[in-house]
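The chains referred to below are lettered A, B, ... by the order of the sequence lines, with proteins before strands, and numbering in each begins at 1.
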Amino acid sequence: GAGVSQSPRYKVAKRGQDVALRCDPISGHVSLFWYQQALGQGPEFLTYFQNEAQLDKSGLPSDRFFAERPEGSVSTLKIQRTQQEDSAVYLCASSLILNPTDTQYFGPGTRLTVL
Amino acid sequence: AQSVTQLGSHVSVSEGALVLLRCNYSSSVPPYLFWYVQYPNQGLQLLLKYTSAATLVKGINGFEAEFKKSETSFHLTKPSAHMSDAAEYFCAVPHMEYGNKLVFGAGTILRVKS
């Protein structure tokens, strides 16, 4: 079946613009995660959902970052008033259940460049 | 203290040689460990995971890893490197308090020379 998809794959924004990044998880997966990967570093956790409930948003860097999953499927990560330090690859992952041993399946990521 | 540490940001091996990528974890994290591979401009793909069953775990593409509690290590190995193995490899563990989110190491870039 189809894997996790993300759109757009690449996004260039001017500083101060708002952006919205979309994630389509694997069908039927309960859990959805967002990670941020800066250049040359490992992914860092941002937030995760179980169905439509956002259970942990402790990794969001500032109140400019907002994520939602209103119907428990597709998720959107929104960044308001983008700054240069927001430039990174944003990875989405989904897992069948919410359990530390369950495999997280990753999408290809959205590369955000803020000029 | 770091939850997971990968020694060596870059590793270079010749085609056909042994691949050894090192990962050490904090003893305070839940005993589940993951290795992911990332090819250029792609997302992460699971290579293998340890979930408290057999300590020697076999994964895809001929990779394997051994969980050694006494050494708090989970090193990734492959007997014979192939050109297609060139990629970045990440070791990950569940967060020590909130296990559903993963904590990743800094990654090791594997270069395979012909």
Other residues, nucleotides and ligands only: do more than 12 of their heavy atoms fall within 6.0 Å of [atom1] on [X]?
X: A/R64; atom1: CZ; answer: yes
X: A/E71; atom1: CD; answer: no
X: A/Y105; atom1: OH; answer: no

*Picking from B/T51, B/V93, B/L33, which has the most non-hydrogen pairs under 4.5 angstrom with chain A?*
B/T51
*Is A/V4 linked to A/F106 within one hydrophobic cluster, defined over Ile, Leu, Val, Met, Phe, Trp and Tyr using a side-chain heavy-atom separation of less than 4.5 Å?*
no
*same_hphob_cluster(B/L56, B/W35) at 4.5 Å side-chain heavy-atom cutoff*: no
*Quick one: which of A/D56, A/L55, A/L98 gives a side chain to side chain contact (heavy atoms under 4.5 Å, CB included) with B/N100?*
A/L98
*Given a strict heavy-atom distance threshold of 4.5 Å, which part of B/K49 is in contact with chain A: side chain, backbone, both, or neither?*
side chain
_Contact class of B/L46 relative to chain A, heavy atoms under 4.5 angstrom_ = side chain
*Determine, step by step, whether A/T103 and B/Y36 satisfy the side-chain contact (heavy atoms from CB on, under 4.5 Å) criterion, reporting the C-alpha distance in whole Å, the side-chain angles of both residues, the deciding distance to 0.1 Å, and the verdict.*
CA-CA 10 Å; A/T103 298; B/Y36 281 87; 4.3 Å; yes
*Can you name the nearest heavy-atom pair linking A/P100 to B/F34, along with the distance?*
O-CZ, 3.3 Å
*Sort A/L91 into side chain, backbone, both or neither according to what part of it lies under 4.5 angstrom from a heavy atom of chain B.*
side chain
*asked:* So does B/N41 get a backbone contact from the side chain of A/R9, meaning a donor-acceptor N/O pair under 3.5 Å?
replied: yes
List the atom pairs, donor and acceptor, that lie under 3.5 Å between side-chain atoms in residues 28-45 of chain A and the rest of the protein, sequence neighbours left out.
residue	atom	partner	partner atom	Å
A/H29	ND1	A/S94	OG	2.8
A/H29	ND1	A/S95	N	3.4
A/S31	OG	A/I97	O	3.3
A/W34	NE1	A/S75	OG	2.9
A/Y35	OH	A/Q104	OE1	2.8
A/Y35	OH	B/L102	N	3.2
A/Q36	NE2	A/Y90	OH	2.9
A/Q37	OE1	B/Q38	NE2	3.1
A/Q37	NE2	A/Q41	O	3.0
A/Q37	NE2	B/Q38	OE1	3.1

